[in-house]
Number of protein chains: 2
Amino acid sequence: MTSVKDHHDREGATIPLPAVHRLPAYLRALETIGLTNKMVSSAELGLLTGVSEHIVRRDLSHLGSFGMRGIGYKVDLLRFQIAQFLGRTRIQPIAIIGAGNLGKALAGYAGLRDAGFKVALLVDKDPAKVGSIVRGLRVAHLADLPRLAPQADVRIGVIATSPEGAMEAADVAVASEITSILNFAPVRLVLPDGVVVRRIDLAAELEILAFYLWREAGGLLPGSRA
Amino acid sequence: MTSVKDHHDREGATIPLPAVHRLPAYLRALETIGLTNKMVSSAELGLLTGVSEHIVRRDLSHLGSFGMRGIGYKVDLLRFQIAQFLGRTRIQPIAIIGAGNLGKALAGYAGLRDAGFKVALLVDKDPAKVGSIVRGLRVAHLADLPRLAPQADVRIGVIATSPEGAMEAADVAVASEITSILNFAPVRLVLPDGVVVRRIDLAAELEILAFYLWREAGGLLPGSRA
DNA sequence: CACTGTGAATACCTTCACAGCA
DNA sequence: TGCTGTGAAGGTATTCACAGTG
């Protein structure tokens, strides 16, 4: 699928990708608990994140075994361990490509800061938008990204352009030494190996919901023979 | 996880959930091909969607067998079959809760219309926003949702509020006979059985990307013993 | 002949069950 | 006693391989 190969836990064994994808949720839950010396059990963490306690335990076991039997996990330690495993040791600067409605909304999204990210660059192709100030950030021109991104140490790009502009945006991003892309445009990006792309497809999410709705209502079984 | 139980294909066998979640992507790909009488093979469709041809074939086989051996699938027919299976037979009205930056961006997102959805309602709790016009739509008050949603036949809600407001928004949505929720707030919603929630967690997506970045760079193996 | 559709094999993830430890 | 950590079992999705067919 993506060019991402294997990921290994502390002993060289591979860690399941679904597990990696759940770690941020644990982190978020731990942050709501606070910074105190409290303990948390796998069952509690599961309740907080909507995951079974078994999965929580196994996921965490991939990072090492620093829980205390009979007690639980130290909240602070666990946070640190997960953050370290995810590479969340410092503020990550990101670039948002596309200063339309979505781009502006993302630039102002407080959750990003809380999760350790900072919108360092906001670029667009439209001359009418370039130079305007969004959330204290001056919109730069897409063409300047290859110069600006390395300067700002940006390796992660968020594509919030129109579908038509997405592929060009991605190409420029790659030329800017950006190797991780979060794509909001409903377009499949074909990029060189080594570039990791994740896509958020709003329409697809809604279609999945609509499907559940449909089925719940006893939707037409296509070609039903019974 | 969610309260969604089983989903069945034409013969009563269960269809894998991952398969259901890929169907919208196929649909989108087919739409880019066009409405002509063209044929498409599982390999092509796989290329277009980033899925292996084997998976494409098996996924489609759950909907019935209307491909032509030696030739491929009729694009029009396939589109119809998938759309029908997903219940996408008519325009689905949706409500967006939260008229902040994100809510406004979503309200103006053209991809929604293309996928068969229509933003019928846009509501907010903030009196300063209520009454304003966004994309030709008058922002209504959250408190009016229980009256407006059934009127507009809205069953799907998108939560684009602040994290603090998300739970209340969800409760009001449920009281409005909305049974499917797409949640953009970084909060776990605890709702009655029968309500399907999907969440888009931007921060989590970025954290996953950051993880890949980290690993790609040979990130610190936590507690490595070798 | 090329491509679908599907039984069988494989790989993967989750769940169970319990030993091990504070 | 209570909860972690993990081998083993179970279940589910993917991949293989090929028979079937326009």
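Order of the sequence lines sets the chain letters (A, B, ...), proteins ahead of strands, with each chain counted from 1. Computation of the quantities below employed the complete heavy-atom set of this structure, encompassing side-chain atoms and omitting hydrogens, waters and symmetry-equivalent molecules.
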- Query: Pick the nucleotide of DNA chain C nearest each of A:M68 and A:A19; which residue has the one closer to the 5' end?
  - Reply: A:A19
- Would you mind reading off the distance between B:H21 atom NE2 and D:dA13 atom P, rounded to a whole angstrom? 10 Å
- Would you mind reading off the distance between A:H54 atom NE2 and D:dG10 atom P, rounded to a whole angstrom? 15 Å
- Query: In whole angstroms, how far is the P atom of D:dT14 from the CG atom of B:D59?
  - Reply: 7 Å
- Of all residues at least two apart in sequence or in a different chain, which pass the side-chain hydrogen bond (donor to acceptor under 3.5 Å, both in side chains) check with B:Y109? none
- Message: Nearest whole Å is fine: how far is D:dG2 P from A:R57 CZ?
- Response: 15 Å
- Once you round it to whole Å, what is the distance between P of D:dA13 and CD of B:E53? 21 Å
- Task: Look only at the side chain of A:R198 and the backbone of B:L206, and say whether a donor-acceptor pair between them is shorter than 3.5 Å.
- Result: no
- Message: Can you give me the closest heavy-atom contact between B:I178 and B:I156, atom names plus distance?
- Response: CG2-C, 4.1 Å
- Minimum side-chain heavy-atom gap B:L102-B:L106 below 4.5 Å: yes
- Task: Could you check A:R58 against A:I71 and say which one's nearest nucleotide on DNA chain D is further toward the 5' end?
- Result: A:I71
- Go through DNA chain C in 5' to 3' direction and return only the first and the last nucleotide with some atom under 4.0 Å of chain B's heavy atoms. C:dA2 to C:dA8
- Task: Report the residues that fulfil salt bridge (charged side-chain N to carboxylate O under 4.0 Å, His left out) with B:E44, sequence neighbours left out, ordered by chain and then residue number.
- Result: none
- salt bridge (charged side-chain N to carboxylate O under 4.0 Å, His left out) with B:R188: which residues, sequence neighbours excluded? none
- Task: Only counting residues at least two apart or in another chain, list the ones meeting salt bridge (charged side-chain N to carboxylate O under 4.0 Å, His left out) with B:R22.
- Result: B:D59
- Message: Whole angstroms only, please: what is the CZ-C1' distance between B:R22 and D:dT14?
- Response: 9 Å
- Message: Using C1' atoms of five pairs at each end, report the bend of the helix from C:dC1-D:dG22 to C:dA22-D:dT1 rounded to 10 degrees.
- Response: 10°
- salt_bridge(A:K74, A:D76) N-O dist < 4.0 Å: no
- Interatomic distance, B:H62 NE2 vs D:dT12 C1' [rounded to whole Å]: 11 Å
- Looking at D:dT21, does its base get a donor-acceptor pair with the side chain of B:R69 below 3.5 Å? no
- Item | Heavy-atom side-chain contact between A:P192 and A:V174 under 4.5 Å | yes
- Can you check whether A:Y73 has a side-chain N or O nearer than 4.0 Å to OP1 or OP2 of D:dG2? no
